[in-house]
Each structure stands twice: as C-alpha cells, then as structure tokens.
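Chain identifiers are assigned alphabetically (A, B, ...) following the order of the sequence lines, protein sequences preceding nucleic acid strands; residue numbering begins at 1 within each chain.
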Amino acid sequence: MNSDVMDRLANARPSHLDPGQLLDPATRDRELATAFASPRAVRPRRRWRFLTLAVGGPLAATATAAAVAIAATAVPQPAHLGPGHPRLIAALTYDRSPARSPDVAAVLRGLAARAAAQPAPALGPVEYVKAVIWGLPIGDVPRGLDYRAHDLRIAQEWRGPRSAGFTIRRPDGQAPSGVPFPAQRAPTPPADWAWRNPATLPSGRAALQRRLLAPPGSAVERLSRLLGNPRSYPTVVRVALTLMETEPLPPDVRASMLRLMATAMARPSAQVSYLDLGAVTDRAGRQGVAIASLSRPVSAPGALVVYVFDRHTGALVGQEDAHCRALVTAWTATRDCSPGDYVEYLQIKAVHTVPHLPWVAGPDVPAARPPQPPKHS
Amino acid sequence: MDDESARERFTAVYDACRTRVWSYVAAQAGGQIADEVVSETFTVAWRRLPDMPDPPLPWLLGVARNVLRESFRAGARRDALVAELRSWTDPAGTDVAESVAERLTVLGALATLSPADREVLTLIAWHGLTMREAAKVVGSTSGALRVRLHRARRRFEQALSATQDHTVENHTHPAGRMPAITGETR
C-alpha cells in the first residue's frame, strides 16, 4: 500500500464535489433564514442530555419510514443479546432452483389472489406498526467483536389523526446507542396522513396508481421528485411497498397493489430489475416467498433488496438489504451473497389499528397539557 | 453570547463550511438529497450553537451524518447514491477530460467498496480531514480510524486492480459504465 492510491483518489474527485465551489446566494439566504427561524439553545447542555428539536420536522421526514426510521449506530454491541440470539447473522435461506423460470409478475398475481380472500382489517382511529430491525453494524470493526454481529432494535409507531409518535428500543428496553431519537411524539399527524389513510385508498387499479404517484407533501413525494422520473414504474413499486409495510390495508386494496406491482415489475426498466427468489425462511424463522429488486446494470457487485411476503395472505412481512460482492444475476443472487454482506433485515411484526395512542388516556385526542419538547443528544 | 453575536458567528461558520458539508453529504448519499440534508444540518447547528466546537467542520459533518440517517431510510439513500455514483462515472458530465479512463477506473473501484470504506477514504482524500477530524465525524477514536483507513485502502487497491480491466472494457459502452452500488451510508 502506498500514498499513490490516495493521490489517485484525490485526483478523481468529481468537480461538483469540490469544497471550494461557490454557493448560490439565494440558497445561502434561504438556508440561513431557515436556521435562524429555529429557536437556539441558550447555554451548553450536559453532554449526556438530548438536544431540543421540533418534533414535526424529523417525524414528518420519517413518516414514510414508519417504524424503521433508525439512526444506525456504528457501535457493534451484541452483549445485551441473550443466549437465544445467534451471534452471527444467518442469511435468508432460499430453496430456489436455477431450473425454475423466474416470474415475478406471476408470483405477485398469485399473492394478490390470496390477499383478496382475506378478511378486512379494522381501520382507525390509530394505526400501529411494530417491527424488529436486525441490523448489521459495520462501523467500528476492530473492537474484538465479530464483524457480522447483529444489533436488534424494536421499533413501534403510532399514527393518529391528531398526533403521532414512535419508540425505538433494544430487546432489553434500553435505547440503542447512537440513536438520538429513541422516542418521539408529535402534536400533529404525519404530513401525508390523509394520503396514506387506508380507509380512503381506492381499490381500482387506475385510481390506486394515481394515488400512489401523488403523495401530497410527503417524504415519498419529495424523494420521488428528486430521484428522477416520479411517474416511473419503479416508483409505483417503491411507494406500494412502503404502504404495504406501514398500513393495515383492506384486502381489495392490497390485492390491487400487488397486481399493480406485478404490472410494474414486468415492464423493462433502466433503473431496476426484479428477481423471483422463490420460497424463503427469514431470520425470524418464518416461511414466505421472496422477490428482490436489483439496481441496474447488473454487474459486480450489486445492491439487492429482498422483500418477503406471507404466501397465505400476500402481506409484506420482511425486507432485507444486502450488499453483494459477487456477480449478481438472476441465478447467482440466491447463492453468492456472503452473510457478511447483509446489512439489515426488517421483520414486520404487526401492522394494525389500536383504539388510542399509548400516551393518551382515551381516543386520539389532544393531551391535557401541551406536549413537552422532545430531547435529543 | 447575544443574538447578534451568535448570528455573526454562525454566518461565518456557514460561509466557511457549507460547501464542504454539502460535498460530504453528496459523496455519501448523492447530490439530489444533499441540499435538504445540509439545510437541516445547519438548522441543528444553529440550535446547538453553544455546543459547536472550534474548528467546527468535523462536528458539522457528524451532525450531517446523523441527519442523513435520521431523515432518509436506507432505500432512499441508496437510490440517491445510485444517481450520484452514476454522475461520477458519466463522461457526458462536467468532468470530461483526457483522464476520463483513469477517473472511471478510480471511481468505479470506489463505488464497489462498502459505504464504511468509501466514507473513510473520501473523508481523507476528498474532504481534506486529518485522521483525528475524520475520527470525530464517524464517532470513533483516531486509532480505530487509522485501522479502518488501512483496511479500506487495502480493499481499495484490490478493487482498483479488479476494476481496471472491467472499466476499460466498458469504456465504449456508456450503459455498462455505471458501477453497481454496494449500499447506502450507514
């Protein structure tokens, strides 16, 4: 190893990342005004205390992330895990045989048929999501801890028509280290509350697609706009999966969503390709069927996101992010991702409604006293 | 510190550091979401002005790192990063030069590394931070960062060797030039 490598890297820096570039005056004025509009702490806080921030901004920004708006920690600390927790992450296990012809659309249409036959869930007034995140800290490696040691977090979110909140805890009840917002309450619902309300989601495919592509004022909308063509079929898939992850959907809506995804995934896309991974057993030991999205063009290495569905209900039950160092193709994706390259598995434990928010002693009504400012580190 | 003094100090820090914070965020998660992250970063910095150390840059980059993780989920960060890395290796962009093949090789190799490796390498090589400053950004000790950098450089060298032929082969095929992304910042 020599410094030439770093010199080559320094010389290859894209020009738009040059720290010496000039700043647009209008941007400068806008950002300074935004900052100054925020209240300023008047004196240094004790280091262990959290910093006061407005709840609305962070929570609205994480609205589409639902219960999984996790600030990843760079501290591998599996010591709190009991003996029942494997120290190493076991990858999803697949039973796909290369002899089977992948057909993502057929899989999704099959799931849609089963979803349509499910009983309707109760809707409102408060939506509740619980998920377990099997994380893979990849920050500080040289601590004598296994590179593949995992970090479990339990995330819960409540969304009501007048307020919302979430908590993130380790299995032992402690706040995860490095997570500055282990609990948040907002005095208002998410900005896209009305848009994502499952009671008003249309079941007709055309109307549902229009709804998916027009999230008002949400993080999804902003990201869709920023990330290229907001009308693209991958956008339909991405938004549909987000809603399936966070909303108690009526059976006809879930079925329509799966059929929309089937249509979208069957279209050729310059951005993403989709793979049928067949039957899987996820990290929690649950059986399911999986499809994966893969960034194009397919070359070594690749980024793979695996979505696990309940084969009996069509519900999304998990999502795994993987980094593959081996060549990723329709056939090798199931075999050549080494466990160390898996990053995170989101196990969706519950998506349903509850009568009231846990911090409100009745239906979702404003608290008797004004919400206290949240504290952040 | 009265409000006017605070604003003066903050504005000076903003003018000195804003583009460097933007560059860091863009390198980690793409220019498409960098503006939003940077704006939130300086809003947090204003609220925490009494806590801001001198020099402020490593601290600001650490705030930006947290804002990025808190505000955008993994999938969104990954999508933005795909677009960013595509722009790095797009010769139709602003960096067309005779050294384009070298750039493609280097950036292609960089794109194959893990986010953690990519972050530590670019903090040093692109953002000009010292080992101690980079350690503050990623929340680690200087010694731990030194080990991380050593390993990252080794893997980068290996990736350079592996990418060299691949990049040259694809040089005449723009569609094949985009290296696959190894993942989002964590």
Side-chain angles (χ1 to χ4, degrees), chain A residues 1 5-6 8-10 12-21 23 27-28 31-32 34-36 38-41 43-45 51-53 58 61-62 65 68-69 71-72 74 138-142 178 180-181 223 226-228 238 295 297-303 305 321 323 328 343-344, chain B residues 6-7 11 14 18-20 23 26-27 31-33 39 42-43 46-51 66 69-71 73-76 78-80 82-83 87-88 94-95 103 106-107 110 112 114 116 121 124-127 138-140 144 147-148 153-154 156-157 175-176 178-183 186:
Chain A
M1 184 191 317
V5 176
M6 297 302 281
R8 288 177 70 184
L9 179 57
R13 183 182 63 200
S15 61
H16 71 281
L17 297 183
D18 181 357
Q21 62 193 316
L23 174 62
T27 301
R28 177 183 184 273
E31 289 183 351
L32 284 173
T34 300
F36 290 150
S38 176
R40 182 169 60 92
R43 56 185 167 77
R45 296 171 182 276
L51 175 74
T52 300
L53 288 174
T62 57
V68 294
I138 56 174
D140 291 345
V141 177
F181 309 113
L223 288 172
L226 289 168
L227 294 175
R238 191 164 57 237
S295 301
V298 178
S299 59
V305 183
D321 287 15
H323 300 158
V328 178
V343 173
E344 181 177 281
Chain B
R7 285 178 182 243
T11 303
Y14 176 91
R18 197 273 181 190
T19 54
R20 299 186 72 176
S23 297
Q32 294 171 316
I33 62 175
S39 178
F42 279 99
T43 300
W46 168 249
R47 292 178 184 137
R48 295 186 59 180
L49 190 60
D51 297 333
N66 289 333
R69 291 173 173 176
E70 292 151 15
S71 303
R73 19 179 348 204
R78 181 176 48 249
D79 289 346
V82 167
S87 78
W88 290 4
T94 57
D95 277 344
R103 285 192 62 251
V106 173
L107 295 175
L110 185 66
T112 67
S114 71
L121 286 169
I124 304 294
W126 288 2
H127 306 295
V138 302
S140 124
V147 174
R148 283 182 57 180
R153 287 172 61 168
R154 188 178 60 209
F156 183 47
E157 285 181 324
M178 170 60 192
I181 311 305
T182 58
R186 288 183 62 79

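Side-chain contact between A/R13 and B/L107 is absent, with no heavy atoms from C-beta onward closer than 4.5 Å. Side chains of B/T43 and A/F36 form no contact here, defined as non-hydrogen atoms less than 4.5 Å apart.
When all heavy atoms of B/F42 and A/A35 are compared, the pair lying nearest together is O-CB, 3.7 Å. Of all heavy-atom pairs spanning A/L9 and B/V106, the tightest one is CA-CG1, 3.8 Å. In terms of heavy atoms, A/A10 sits closest to B/A125 at CB-O, 3.6 Å.
Each of A/T34, A/L32, A/T27 has some count of heavy-atom pairs under 4.5 Å with chain B, and the biggest count is that of A/L32.
For the atom pair CZ (A/R28) and OH (B/Y14), the distance works out to 7.0 Å, reported to the nearest 0.5 Å.
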